[in-house]
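In what follows, a structure is listed as structure tokens, so that the remarks can point back to it.
Convention: sequence-line order gives letters A, B, ...; per-chain numbering from 1.
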Amino acid sequence: GENVEQHPSTLSVQEGDSAVIKCTYSDSASNYFPWYKQELGKRPQLIIDIRSNVGEKKDQRIAVTLNKTAKHFSLHITETQPEDSAVYFCAASILGGFQKLVFGTGTRLLVSP
Amino acid sequence: ETGVTQSPTHLIKTRGQQVTLRCSSQSGHNTVSWYQQALGQGPQFIFQYYREEENGRGNFPPRFSGLQFPNYSSELNVNALELDDSALYLCASSLAGGYGYTFGSGTRLTVV
């Protein structure tokens, strides 16, 4: 079955710096890669996603890149702000079929003012 | 458009007891998935319901069971609770095929 590895487990940056979180997946059939932000005690919120027919997607300060050959995908946050502090999860699944999200282990991002 | 709602928000149970958690799917969504999120971990897939049938299951024992009703709402039942069942239980609804996946706020279950 699918396995998703996520690094780093914690990431501390200064406000205004960039942050990068990396994930690797194992199942080449996976074609959908969402990223979730989870604040303490709250639900995971979808912040950006990418499908396997696209190599990069950007939404304001957030971007995701996908390398299908290497089975890697990454989240890039530019100009970080203290409100970006949260736990970020990557996930992988197969859209259009049986939909089961396989999550990474999470990255705790701390943005210091 | 209403989102995914779960009840109760918090629950404390004793080891060996049984618990039922409830989820109302987002308007228009016909598929419900349940996840268990232990403290400091990513959500783990329990099972998914579509057209009132379980159509996929993760690595959870049979004492984890569920139902889906004609209005697409769903229940998660856990029998013979164990201490390790303490977690945040998340429900997610979507359209068939996984489009529009949306999580509820979860039920925090504590087993003592």
Side-chain angles (χ1 to χ4, degrees), chain A residues 1-11 21-27 29-53 73 75 86-110, chain B residues 2-7 9-10 21 23-26 29-51 53-60 66 68 87-110:
Chain A
E2 175 68 278
N3 182 51
V4 177
E5 295 186 356
Q6 183 173 346
H7 300 281
S9 57
T10 58
L11 181 58
I21 303 171
K22 299 182 179 182
C23 289
T24 304
Y25 63 99
S26 61
D27 188 351
S30 292
N31 60 7
Y32 175 65
F33 307 93
W35 285 88
Y36 288 87
K37 175 183 180 182
Q38 189 175 30
E39 298 176 9
L40 192 62
K42 297 192 175 180
R43 77 183 77 190
Q45 296 267 24
L46 179 69
I47 55 172
I48 195 167
D49 56 12
I50 191 168
R51 301 189 186 190
S52 60
N53 59 347
F73 58 114
L75 177 71
V87 179
Y88 291 80
F89 291 98
C90 62
S93 74
I94 302 173
L95 261 185
F98 167 63
Q99 233 273 328
K100 159 190 161 183
L101 288 176
V102 178
F103 285 84
T105 48
T107 296
R108 182 171 300 279
L109 174 65
L110 177 61
Chain B
T2 58
V4 179
T5 58
Q6 292 186 243
S7 62
T9 55
H10 296 85
L21 310 182
C23 172
S24 293
S25 61
Q26 181 168 309
H29 285 182
N30 55 14
T31 302
V32 174
S33 304
W34 287 91
Y35 290 80
Q36 180 195 66
Q37 187 176 21
L39 201 60
Q41 302 293 318
Q44 298 290 318
F45 176 77
I46 303 174
F47 45 53
Q48 181 180 95
Y49 277 83
Y50 172 65
R51 292 185 175 177
E53 297 280 339
E54 181 183 300
N55 75 336
R57 189 177 187 92
N59 190 25
F60 281 81
Q68 186 180 33
L88 178 67
Y89 288 84
L90 294 162
C91 166
S93 73
S94 65
L95 296 169
Y99 301 92
Y101 222 79
T102 304
F103 282 94
S105 296
T107 294
R108 171 76 59 189
L109 173 64
T110 303

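Under the side-chain contact (heavy atoms from CB on, under 4.5 Å) criterion, B:Q37 pairs with A:Q38, A:F89, B:P43, B:L88, B:L90, not counting sequence neighbours.
Only the side chain of B:Y35 has a heavy atom closer than 4.5 Å to any heavy atom of chain A. Heavy atoms of B:S33 lying under 4.5 Å from chain A belong exclusively to its side chain.
Once rounded to the nearest 0.5 Å, the distance linking NZ of A:K100 with CZ of B:F45 reads 6.5 Å.
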Listing, residues 101-110 of chain A side-chain donor-acceptor contacts under 3.5 Å, not counting sequence neighbours, or none:
residue : atom : partner : partner atom : Å
A:T107  : OG1  : A:Q6    : NE2          : 3.0
A:T107  : OG1  : A:P8    : O            : 2.5

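Within 6.0 Å of the CD atom in A:E2, the count of heavy atoms belonging to other residues, nucleotides or ligands exceeds 12.
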Test log, rule side chain to side chain contact (heavy atoms under 4.5 Å, CB included), inputs B:Y101 and A:Y32: CA-CA 12 Å; B:Y101 222 79; A:Y32 175 65; 5.7 Å; no

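Heavy atoms only, all atoms of each residue included: A:R43 and B:G104 are closest at CB-O, 3.1 Å.
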